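See structure below.
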Amino acid sequence: MIIPTEKKHNKFEKFCLDTLFPSFCVGCGKEGTFLCDDCRAKIVIKRVPQKPDNKSVLNKIYVATDYSQRPVSELITGLKFHSIADMKYPLAKILIHHLSLVNFQPPKNCIIMPVPLHKRREIKRGFNQADLLAKEIAEFFKIPYCEDILKRAKNTKPQTETSNHNQRLENIKNAFVCRKPELVAWKRIIIVDDVMTTGATLNECARALKSSGARSVTAFVVAN
């Protein structure tokens with residue numbers, strides 16, 4: 001499986017972007033890219049899917065790597081909290097690399113979608129980072145992409161701001177609704193997010209989708 005390279009801007013646009021906003025490797029500081037080949041090669045990529053626990057509604061979980069690896073956490077922080085949208089490219093490549101190592105093949109009758117943000121948070125951030133990643137994965141694997149099926153009905157506080165597992169479960173409970181059950185029924189759903197901590201958010205997404213008739217729900221995550 002060929003891992004994609006970062007998409008190219010036209011020459012004039014690239015010159016302007018590189019001049020005004022030069023990129024530097026989050027691992028070593030080398031100019032010209034957010035993750036150089038040497039630092040990418042040092043990231044440990046998982047070679048097996050993660051098994052959902054007995055209480056999970058998810059059928060499968062694919063987690064590419066560990067958040068504790070500094071280049072990974074720096075990329076996610078830059079994408080998520082500093083609105084550096086082009087950091088989606090190295091993060092998507094990390095996830096695609098993991099999926100290639102585990103020999104993932106898109107199942108029949110599947111669709112892919114992001115874990116949604118509440119509209120207020122998405123407007124503040126400028127984009128949904130899970131949406132950016134999901135589009136890259138959908139394009140690479142040629143999976144039909146659906147953005148607006150799941151909706152975050154509650155503007156919950158970030159899961160990282162809750163202190164324990166029970167609080168995280170309560171914080172995210174019933175936070176998601178399926179807006180178009182007719183597009184979900186009997187489908188195999190793939191949901192994409194950047195980080196998984198306890199898995200509560202992904203589990204609630206899966207619960208909403210399965211209650212609307214989804215046949216199975218699989219999670220793709222960059223790191224945990």
Side-chain angles (χ1 to χ4, degrees), residues 1-6 25-28 33-81 84 86-107 110-115 128-143 145 158-160 165 168 172 188-206 209 216-224:
M1 182 176 290
I2 299 173
I3 305 300
T5 57
E6 294 182 14
C25 176
V26 297
C28 66
T33 180
F34 289 119
L35 186 66
C36 72
D37 291 341
D38 290 340
C39 290
R40 181 183 297 112
K42 295 176 183 177
I43 295 174
V44 179
I45 306 295
K46 298 182 181 183
R47 294 178 175 269
V48 293
Q50 180 170 316
K51 186 177 180 180
D53 63 40
N54 293 332
K55 296 181 181 179
S56 179
V57 183
L58 291 161
N59 295 88
K60 295 181 181 178
I61 304 174
Y62 293 89
V63 182
T65 189
D66 293 316
Y67 186 82
S68 59
Q69 299 181 85
R70 191 174 71 84
V72 177
S73 60
E74 291 286 342
L75 286 169
I76 290 173
T77 299
L79 175 65
K80 196 169 184 173
F81 299 113
I84 307 175
D86 278 358
M87 285 187 172
K88 68 183 178 180
Y89 296 122
L91 288 170
K93 288 174 72 174
I94 289 170
L95 184 49
I96 289 169
H97 188 185
H98 165 68
L99 294 169
S100 70
L101 289 175
V102 300
N103 297 314
F104 169 78
Q105 294 294 329
C110 75
I111 56 177
I112 191 168
M113 64 187 67
V115 171
N128 175 4
Q129 74 282 353
D131 172 53
L132 299 183
L133 294 170
K135 286 177 179 175
E136 293 298 308
I137 304 302
E139 181 177 348
F140 182 80
F141 286 104
K142 309 303 180 188
I143 302 172
Y145 175 78
Q159 289 290 76
T160 53
H165 180 67
R168 287 179 174 181
I172 205 70
R188 300 180 188 273
I189 313 295
I190 299 170
I191 52 177
V192 180
D193 208 356
D194 56 340
V195 178
M196 182 178 75
T197 49
T198 63
T201 299
L202 292 164
N203 204 52
E204 282 300 311
C205 288
L209 291 165
S216 67
V217 181
T218 296
F220 287 177
V221 186
V222 176
N224 67 353

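Computed from a prediction, not measured in an experiment: that's the story for all the values here. Just so it is clear, the values below take in all heavy atoms, side chains as well, and ignore hydrogens, waters and symmetry mates.
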Point-to-point distance, once rounded to the nearest 0.5 Å, from [atom1] of [X] to [atom2] of [Y]:
X	Y	atom1	atom2	value
Asp86	Leu75	CG	CG	11.5 Å
Ile172	Thr198	CD1	OG1	9.0 Å
Ser73	Asp66	OG	CG	11.0 Å
Ile96	Ile137	CD1	CD1	4.0 Å
Met87	Lys80	CE	NZ	14.5 Å
Asn128	Leu133	CG	CG	9.0 Å

With a 3.5 Å distance limit and no angle check, can you tell me whether [X] reaches the backbone of [Y] through a side-chain donor-acceptor pair?
X	Y	value
Asn59	Val217	yes
Asp193	Val221	no
His98	Lys46	yes
Ser100	His97	yes
Thr65	Val44	yes

Indicate the atoms forming the closest heavy-atom contact of [X] with [Y], along with that distance.
X	Y	answer
Ala64	Leu95	CB-CA, 3.8 Å
Gln69	Lys42	OE1-O, 4.0 Å
Ile191	Cys205	CD1-CB, 3.8 Å
Arg70	Val26	NH1-O, 3.3 Å
Ala223	Tyr67	CB-N, 3.7 Å
Met196	Val63	CE-CG2, 3.9 Å

inquiry  = Quick one, Val192 with Tyr62, criterion side-chain contact (heavy atoms from CB on, under 4.5 Å). Give me CA distance, side-chain angles, the key distance, then yes/no.
reply    = CA-CA 10 Å; Val192 180; Tyr62 293 89; over 6 Å; no

For residues 47-55, which side-chain N or O atoms pair as donor and acceptor with protein atoms under 3.5 Å away, sequence neighbours left out?
residue	atom	partner	partner atom	Å
Gln50	OE1	Asn224	ND2	2.9
Asp53	OD1	Lys55	N	3.0
Asp53	OD1	Ser56	N	2.9

Is there a side-chain contact between [X] and [Y] (heavy atoms, below 4.5 Å)?
X	Y	result
Phe140	Leu99	no
Ile43	Leu35	yes
Phe34	Cys39	no
Thr218	Phe104	no
Lys135	Ile112	no

Quiz prompt | Verdict with reasoning, Leu91 to Asp194, per side-chain contact (heavy atoms from CB on, under 4.5 Å) | solution = CA-CA 8 Å; Leu91 288 170; Asp194 56 340; 5.8 Å; no

Trace of the side-chain contact (heavy atoms from CB on, under 4.5 Å) decision for Leu209 with Met113:
CA-CA 11 Å; Leu209 291 165; Met113 64 187 67; 4.1 Å; yes

message: Run Leu101 and Ile45 through side-chain contact (heavy atoms from CB on, under 4.5 Å) and show every step you take.
response: CA-CA 9 Å; Leu101 289 175; Ile45 306 295; 3.7 Å; yes

